[in-house]
Chemist: 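Below are the structure tokens for one structure; questions will follow.
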Amino acid sequence: MKKLSWNFWGLLPAYLVMSLLMVLPLLIIFYVSFMTSDAYGGYKAIFSLQSYSQIFYTADWDDNLVLNFQYLKIIARTLFLSGATAVICLLVSFPVAYYISRQSNNMKTFLLYLVTLPFWVSMVVRVYACVLILSNDGVLESGLRFFGLIGDIDSLLYNNAAMMVGMVYTYIPLMILPIYASIEKLDTRLIEAASDLYSCRMNTLRSIILPLCKPGIVAGFILVLVPCLGTVLEPMLLGGGKTMMLGNLIQNQFGVARNWSFGASLTVLLLCIVLLFLMFQAHRTSKLRELS
Amino acid sequence: MNILAMFKPNRDAKHYPGFGAVGVLFFTFLYLPILVIIAYSFNSNRIVSVWQGFSWQWYASALQNEGLLNSLRVSLTVALFATLVATVIAVSAALVLERGQNVKHAKLSQGVVNLPLMLPEIVFAVAILILFSQLGIQSGMLKLILAHSAFCIPFAFLPIRARLQGMDNNLEQAAQDLYATPLVTFRRITLPLIAPGIFAGSMLSFVISMDDFITSNIVSGGGATTLPVYIFSLVKQGVSPELNAISTLIMVASLLIATPCWLIAKRSR
Amino acid sequence: MNHAISIKNVSKFYGDYRAIKDISFDIQDNEFFTLLGPSGCGKTTLLRMIAGFEIPSGGVIKLHGTDIQSLPAHQRRVNTVFQNYALFPHMTLAQNIGFGLQMLNWSKEKIAARVDEMLELVHMRPFASRMPSALSGGQQQRIALARALAPKPEVLLLDEPLSALDLKLRQSMRDELQQLQRDTGITFIFVTHDQEEALAMSDRICVLAEGTVQQISSPNEIYENPNNKFVADFIGETNFMPVTINSHDNATVSVTNPLGIELNVPNKGFSQGQEATMSLRPEKISINTPGLEVNLQGKIVHRTYMGGYTHYKVRTENATELRISKRNTISNDTEYNLGQQVDIGFSKASVRVLSQ
């Protein structure tokens, strides 16, 4: 009995903080998303699905609902850019992680240190680094212009590609670490065994290394994808505020647009997308566990 | 890392040609922008991309920037309180989850502690914004401390838990076997042995709090602007040499905090 | 007689799993007592219940006559040597050894003197201010022993302390442990799955299997007169043959066996027609040695040379295979070849008939 109460008191603060500051706010968001928005910020406690329909439709002059692609486009862009970022991160991370795992122990720890170091630097500063590189008359632009690869008026900033560069730059360490961990766990004798059994490198990679690193790859993919879906900084600083993503759209509803219930419904939507991916991962890992 | 060695044919089946080149390109991609910032921060020209000469002047003007210093003060205060709260909560949760006997719903509790890691931060930020406005909390500082405490908990928790997992729990039993009461066991054995984990966890949550932008940007107001939010407002005005100097200072500070933490983590492994 | 440890009707359940099933036995004062059994037999659980790390689901454990059920681990005058030593990595060896004494509120001078004495006892005096990580496995083992012995416990518990050491070291530590037990006069309860260790050191051995006591006897008794098939099989090697009991009278029974010999053994509660097992140790059978009670003909079908011994497998005329172990005493001129016809013989007194 005494031991149980130790357990209880030890976990109580964590439960208190998390339920008050995480779960309760999420429940409020869910509640607000079904309320009517109030023109002056906040919401009126009247049930309505208006904020959800606003994602798809707008009311025209005669109050008829017309399909509206404005927000759907933003959602599609968010999904596309996040997915593309995760794929690029994966394509780069796997060779890098493998390369690191092949180094001597000291080199390994040093390179891992270099990979994790950016985490300790403020994200604003890291995005600013991208801004600086891509900025008008910045290093890259002058270089490309010198070789005639871009025209005089083209700008590297304020487009989808710039946002993606920024997202890859900020989130790629999140992909490298889990993949590296799974490669480190890999028994290198398996690679030798495969080559002993006449497998060429590409085939070994495809049929031995990649399948065994799958848990790390899936984990890294989710780790990059989730923050990308809700990212705010890159669209604002590298997208110039014109090319929006879901994160900014939500943020705006609670700021300048003052449409809480619409913001809440977008948040619920984002949450659902994220949960879908998390459930996919949980399903995958449980399946992998069953296999092993 | 020997670049020439990369082009020699390698008969080792575990060697993949080209991976090394990707590695070199990756680290260049990761660190070139940072190096450019640092280099430009010493450029005396107001126009960032045109080099004029070496100068410390932007550091001087950064250190005299009232807004910057104010936001630094806010960030430090928030991070200090949030770290304290998060570390205490994380230590007690980690002790129960790793050392408690017959812990009920251990999986669920684990999930609850790590909840902030599973959500995109913007979701948490707007949710807590609504909560604060419903509760009518006005003080920007209080709002920041509460929000930061919540999302720092898993960052403090994970290193402490890792440390406890890596520690032989026979040690605590050995102490009790040698007549130490549970309290003395905690003070003499458990605490000294998980101290590096607590240090790393609190440092990590301190840095996470110092660096946070998304939540702080939405929640702040009421006269409390944090350092990243202030820097963001500068970045929005465009590239400037002073911003380069500020960024360099922040990176140096990060390096100074990260390196000892990393060394401790490495040694304790 | 005062028992150091007295265990009465002790059980331990983990949910539906019964790790210990109603065990009772006593351990004498100043005894080297070994709990022997395969992994999962409950020996470590039993040890941990004596130490106070596990609470029995039922029954009573007494330490020198006092019920220690309600005492937490830190109030029991027993100390444990852990399997992986559990030396505190942040304390010097002297601090490790002195830890228990400090907890018992000994004075500084007395602690220093006792630590010195213990370091001397385990021949580790020059290492007093080293950290545990700087020691080899055998040295850590010694310090763990010294630490557990320092507070002069009423009983010392040893949880497979030799299992992490290499073979040579393990053998020399056996002698040291035995010597240490005699020198200190403290009751040792030693847990192991290694039958050789148990036979070599113990005053008495308790063989456990699946949470129940199979036999408690001296090493010699355990080896020569096993209670049942499990004990005979677990300790040493033996030839098992299925047999049937034919009752004669109350004192002895005749046994029908595959070797076709006439065999009468004491009646240990056998009933007529009961299926039982006959056990005959390989070293009790001789090859080409005249003048033995039982003589059989056979052919060598397998030979394994082991240095000090040679193991043979002989197929008898009625197609039973017997393993025979022969010491290579003088020279190898008595080696037998595969396929060679041999006479084998043994005395009926070396045959044991065991209930299944």
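Labels below follow one simple rule: chain letters A, B, ... track the order of the sequence lines, proteins then strands, and each chain is numbered from 1.
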Chemist: Taking side chain as everything from C-beta outward and backbone as N, CA, C, O, which of these in A:I209 sits under 4.5 Å from a heavy atom of chain B? Side chain, backbone, both or neither.
Modeler: side chain
Chemist: Considering only heavy atoms, which portion of A:V274 lies under 4.5 Å from any heavy atom of chain B: side chain, backbone, both, or neither?
Modeler: side chain
Chemist: Decide side chain to side chain contact (heavy atoms under 4.5 Å, CB included) for B:F232 and A:V127; before the verdict, give the C-alpha distance in whole Å, the side-chain angles of both, and the deciding distance to 0.1 Å.
Modeler: CA-CA 10 Å; B:F232 171 76; A:V127 175; over 6 Å; no
Chemist: A:Q251 and side-chain contact (heavy atoms from CB on, under 4.5 Å): which single residue from B:L129, B:V126, B:N217 fits?
Modeler: B:N217
Chemist: Go through the structure and list residues passing side chain to side chain donor-acceptor pair (under 3.5 Å) with B:S254, not counting sequence neighbours.
Modeler: none
Chemist: Kindly give the heavy-atom pair with the smallest separation between A:P118 and B:Y31, and that separation in Å.
Modeler: CD-OH, 3.7 Å
Chemist: Pick one of side chain, backbone, both or neither for B:S75, based on which atoms fall under 4.5 Å of a heavy atom in chain A.
Modeler: neither
Chemist: Using a cut-off of 6.0 Å, state whether more than 12 heavy atoms not belonging to A:F30 lie near its atom CZ.
Modeler: no
Chemist: Which residues pass the side chain to side chain contact (heavy atoms under 4.5 Å, CB included) test with B:I257, not counting sequence neighbours?
Modeler: A:W120, B:M203, B:F206, B:V207
Chemist: For chain A, which residues from residues 85-95 of chain B have at least one heavy atom closer than 4.5 Å to it?
Modeler: B:I89, B:S92, B:A93
Chemist: Using the rule given for side chain to side chain contact (heavy atoms under 4.5 Å, CB included), can you reason through B:L30 versus A:L114, listing the C-alpha separation, both sets of side-chain angles and the distance that settles it, and then say yes or no?
Modeler: CA-CA 9 Å; B:L30 205 57; A:L114 286 186; 5.8 Å; no
Chemist: Please classify the contact of B:S133 with chain A as side chain, backbone, both or neither, using a heavy-atom distance under 4.5 Å.
Modeler: side chain
Chemist: Counting heavy-atom pairs under 4.5 Å to chain A, which of B:G238, B:P228, B:A253, B:A147 comes out on top?
Modeler: B:P228
Chemist: Assess the residue pair B:L234 and A:Y128 against the criterion (side chain to side chain contact (heavy atoms under 4.5 Å, CB included)); give the C-alpha distance rounded to whole Å, side-chain angles, the decisive distance to 0.1 Å, and a yes or no.
Modeler: CA-CA 10 Å; B:L234 293 182; A:Y128 171 66; over 6 Å; no
Chemist: Identify the heavy atoms of A:W260 and B:Q134 that sit nearest to each other, and give their distance.
Modeler: CZ3-NE2, 4.1 Å
Chemist: Using non-hydrogen atoms only, which part of B:D212 is less than 4.5 Å away from chain A: side chain, backbone, both, or neither?
Modeler: neither
Chemist: Can you tell which part of A:L229 gets under 4.5 Å to a heavy atom of chain B, answering side chain, backbone, both or neither?
Modeler: neither
Chemist: Spell out the residues in residues 115-125 of chain B that have some non-hydrogen atom less than 4.5 Å away from a non-hydrogen atom of chain A, in order of number; otherwise answer 'none'.
Modeler: B:L115, B:P116, B:M118, B:L119, B:P120, B:I122, B:V123, B:F124
Chemist: If the plane angle is over 60° it's perpendicular, under 30° parallel, otherwise tilted; pick one for B:W262 and A:Y113.
Modeler: tilted
Chemist: Check the pair B:F29, A:V92 against side chain to side chain contact (heavy atoms under 4.5 Å, CB included), reporting the backbone distance first and the verdict last.
Modeler: CA-CA 11 Å; B:F29 168 68; A:V92 177; over 6 Å; no
